[in-house]
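What follows is one structure encoded as structure tokens, with my remarks underneath.
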Amino acid sequence: MRGHTFRAMVALSLVLLTASGFCGAPFLTGAPSQSAQTDSSAGGIVPPPSIGSLPAPPEPTAFVGKDFLISYDDDWDAFHPAVATTPRYSLDASWDGSIHSVWEEQNESDQYTPHLREIHYSMSLGASGGREWSNDEPSEGDRIISNTGKGKETASAEGVLAPAYNPGDSADPAIAVDMFGYIHVVWRELMSDGYWEIMYSHSEDNGKTWTGFDQIKDIYVSNKTTNRNIPYGPAIAVSNDKSTGKVILHVIWIEDMEKTFEVYYSRSLNNGMTWSSATAPDIMISDSTSQEPAGFPTIAASEKYGKVIHAAWLQNDPDTGQDEIFATTSTNFGSEWPKIENIVSLKGKDGLNAGAPSLAGSYELGMVTWSQPFKDPAAPGEIHYSFTGDFGASWSGTKEDVPISYPDGESAINPSVTMAYNGYGYVAWTERDQNKWGSIEVHVSESKDITKISSWTGREGDNVISPMTANADGVPANAGNVSVAYSLVGTFWRPHVVWDEVNYTKQAGRVNDNWEINYVPPVDFSIPVGTGWNLLSVPLEQESTLITTVLSDVGDGTTTWDRALWYDPSDAANHWKQYNTGWSSSLNDLATVDHTICLWVNVTDKGSDGMLTVTGTLPTSTSIYLYPGWNMVGYPAQVENGYTVASLKSDTGATMVEGFNASATYKTSILPDSYTLLRGRGYWIYVPAGTTWVVDW
């Protein structure tokens, strides 16, 4: 029996718990007698005391259904987002850690019909950490950072040159932030002569004003006198040369050379005010001798001061007839580019065609990711990667194909990658999920050391971070283009992911189905606690699962605790794991916790608000394995939607569920079938056979 097991704990643990007034757990045969209080509606068993409605924490203001929007929810479609973050030690400390996102969207106030697409922008201050954004309220609306003039330098008669494209349309933005905190954005733009050019705008005040909109000055990056088509969006990277205190900006794009498409490059040495290609012929960095078209360019800086610049793109290899990932590297801040380009994916006549790449760099490491079938040309695409540790002289992917996504039979496409200077890597992409709607969701894989293939979490299973939603008719809200960037929060790296997704909302009696920009924000959750032992859980996913980090009070900071315990049903030799703040690390065996378990926590001071406020991100569908016998678990749902003990028993085969009861001898009692599970609370669940409990919402 579990109560007997508890009494058989090691002597030291028993002494410590007894001294705190807590000396047991519920018996399998029933809860202790409650002769002082009865509740006839519960069959004579007193249910846990009601904690009422939780006080509203400072959560984001932009939730629409289960989605969190950073674009203003209007009638206009938002597509192709990109994200970047402000590093530490920028010119203004309040800018540090700020998150910046740009995308393309039609301008609802535009005087022309059809409306022009412009570059829109939203930001979250570092202090907010993604909880609040600059244009998530109706009073703020959308922020445009590109020049809204039609046709830009020359006027032309109204007309549509191509479906949905008008002279002056701006599309496919890319963004970077330098060491000073200046924000740099590039995009492709349709001119009145019918050709696209690469344009630029920047902000020196953390996104408040922009050269493109506020100074009516979009800046040319590409040479406007060379009339060539630009079919793909540009990519941008920043060299932070701290040895000289200078910033160098690098941009690449694809241009039509009539017979083929090639990769072109431009750089700026004066904070984006002028560009090398704007006043001189565009610089081609791909090898035109192959006559094979290049596409989907990407660029990144590496080395301590950003001296090494990697560029990569997708191109057909004429030797094999296969689409491969090509790359070239400049080792002098982009001053010179080698004439030889390398294939960084595994070359061969294998029918395994690669897809669009994404590139990231840090110090001595560079990494490129892409989608490609694994081993079988008929297999769905998986996310592959290749890295270099010698500044582009060699790439790991030329030796073997290495997928970092989980092969579940669905196609993984369009990855975006970011890296931290310590070798961490994080990749996000879109893939159909195994949910009831079969919706396309954002999947991720991360590594604490990209040089170790086995370190990638996505190889072991899918990790989905986007909410799974559909409209009233069950039509899924599919995620689209995704972008990711790291920021340093405290002592750990936090990834920030944005994507475009159709938004099904009801407003004024009608249903919107326009596309908006989505983000997964950190949220705070306040758990009511009392002095002494509390049975609680953390219903949020954690960036760092260290128990001292997870259970730190991020509210008013006045709630403290000294001991925590968890019953581990998988360890027959030592069921009880515990952490004592007064013990050395060698004596503690409960170092980490996550959102699936619950804990006994001894609160020494409930603080001024009586709350232990924790932070994290809202979980999506969570699977919790229940071992035969007793399990200590939480209820990690996004919302409390009336899920009862009866439903839990039906879903898992559980025969008994117990919850916290401060007045009971062992601090728990049996819960009636009508009891509704609550987030932040902890539960003992008894199942006669092992099973998996899936918590969706």
Point to revise | From NE2 (His120) to CD (Glu104), nearest 0.5 Å | key: 9.5 Å
Check your understanding: Just checking, any donor-acceptor pair under 3.5 angstrom between side chains of His184 and Tyr182?
Key -> no
Practice item. Say whether Ser526 and Asp524, considering side chains only, have a donor N or O and an acceptor N or O under 3.5 Å apart. Key: no
Revision key, fill the gap. OG (Ser455) and OH (Tyr424) are apart, to the nearest 0.5 Å, by 10.5 Å
Practice item. Take atom CZ of Phe333 as the centre, draw a 6.0 Å sphere, and report whether it contains more than 12 heavy atoms from other residues, nucleotides or ligands. Key: yes
Point to revise | Worked check of side chain to side chain donor-acceptor pair (under 3.5 Å) between Ser239 and Asp241 | key: CA-CA 6 Å; Ser239 292; Asp241 187 358; over 6 Å; no
**Study point:** Distance-only polar pair, side chains of Asn332 and Ser330, donor-acceptor under 3.5 Å
**Key:** yes
Ignoring hydrogens and angles, write down the donor-acceptor pairs under 3.5 Å from the side chains of residues 305-315, residues two or more places apart or on other chains.
unit_1, atom_1, unit_2, atom_2, d
His310, ND1, Thr329, OG1, 3.0
His310, NE2, Ser302, OG, 3.1
Trp313, NE1, Gln315, OE1, 2.7
Gln315, NE2, Ser290, OG, 3.0
Gln315, NE2, Glu292, O, 3.3

Review point. Using the benzene-type ring in the case of Trp, are the ring centres of Trp103 and Tyr121 under 6.0 Å apart?
Key: no
Exercise for review: Go through the steps to decide whether Glu204 and Asn271 satisfy the test side chain to side chain donor-acceptor pair (under 3.5 Å), and finish with yes or no.
Suggested key: CA-CA 10 Å; Glu204 297 183 4; Asn271 204 36; 3.0 Å; yes
Exercise for review: Report yes or no: do Arg131 and Thr615 form a side-chain donor-acceptor pair below 3.5 Å?
Suggested key: yes
Exercise for review: Kindly compute the distance separating CE (Met179) from CG (Leu91), expressed to the nearest 0.5 Å.
Suggested key: 9.0 Å
Practice item. Quickly, which of Glu382, His443, Gln434 forms a side chain to side chain contact (heavy atoms under 4.5 Å, CB included) with Glu410? Name it, please. Key: Gln434
Review point. Distance only, no hydrogens: is a donor on one side chain within 3.5 Å (strictly under) of an acceptor on the other, for Gln372 and Asp401?
Key: yes
Check your understanding: Among side-chain atoms of Ser71 and Glu516, is any donor-acceptor pair under 3.5 angstrom?
Key -> yes
**Study point:** Distance-only donor-acceptor check, side chains His80 and Asp172, under 3.5 Å
**Key:** yes
Exercise for review: Return the minimal non-hydrogen interatomic distance between Pro619 and Pro636, and the atom names on each side.
Suggested key: CG-O, 3.2 Å
Check your understanding: Going by atom types alone, do Ser90 and Asp96 pair a side-chain donor with an acceptor below 3.5 Å?
Key -> yes
Exercise for review: Give a yes or no on whether Lys448 atom NZ has more than 12 heavy-atom contacts from other residues, nucleotides or ligands under 6.0 Å away.
Suggested key: yes
Review point. Does atom CZ of Phe79 have more than 12 heavy-atom neighbours from other groups under 6.0 Å away?
Key: yes
Practice item. Any chance you could measure Thr451, atom OG1, to Phe387, atom CZ, to the nearest 0.5 Å? Key: 5.5 Å
Review point. Going by atom types alone, do His250 and Tyr265 pair a side-chain donor with an acceptor below 3.5 Å?
Key: yes
Revision key, fill the gap. Rounded to the nearest 0.5 Å, the CE atom of Met419 sits from the OH atom of Tyr363 at a distance of 12.0 Å
Revision key, fill the gap. Residue set satisfying side chain to side chain contact (heavy atoms under 4.5 Å, CB included) with Ile453, at least two apart, ordered chain then number -> Tyr385, Glu400, Val402, Arg459
Exercise for review: May I ask you to check whether Ser487 and Thr85 show a side-chain donor-acceptor distance below 3.5 Å?
Suggested key: no
Check your understanding: Is the closest side-chain donor-acceptor distance between Asp500 and Asn481 under 3.5 Å?
Key -> yes
Exercise for review: Examine the side chains of Thr211 and Ser201 and answer whether a donor and an acceptor come within less than 3.5 Å of each other.
Suggested key: yes
Practice item. List the steps and the verdict of side chain to side chain donor-acceptor pair (under 3.5 Å) for Asp449 and Ser447. Key: CA-CA 5 Å; Asp449 181 355; Ser447 168; 5.8 Å; no
Check your understanding: Any chance the side chains of Thr592 and Asp594 put a donor and an acceptor closer than 3.5 Å?
Key -> no
Exercise for review: Please name the pair of heavy atoms, one in Pro539 and one in Ser537, separated by the smallest distance, quoted to 0.1 Å.
Suggested key: CD-O, 3.5 Å
Review point. For Thr86 and His100, what are the C-alpha separation, side-chain angles and deciding distance, and is it a side chain to side chain donor-acceptor pair (under 3.5 Å)?
Key: CA-CA 8 Å; Thr86 302; His100 311 272; 2.8 Å; yes
Revision key, fill the gap. For Asn342 and Gly392, the nearest pair of non-hydrogen atoms, with its separation, is ND2-O, 4.1 Å
Study note, to complete from the structure: Rounded to the nearest 0.5 Å, the OG atom of Ser405 sits from the CD atom of Glu431 at a distance of 6.0 Å
Practice item. Assess the side chains of Ser585 and Asn588: does a donor N or O sit below 3.5 Å from an acceptor N or O? Key: no
Check your understanding: Are Tyr421 and Trp493 close enough that their ring centers fall under 6.0 Å?
Key -> yes
Check your understanding: Given the rule in the side-chain contact (heavy atoms from CB on, under 4.5 Å) test, do Ser445 and Trp429 qualify, once you have shown the distances and angles that lead to the verdict?
Key -> CA-CA 9 Å; Ser445 182; Trp429 66 91; 3.7 Å; yes
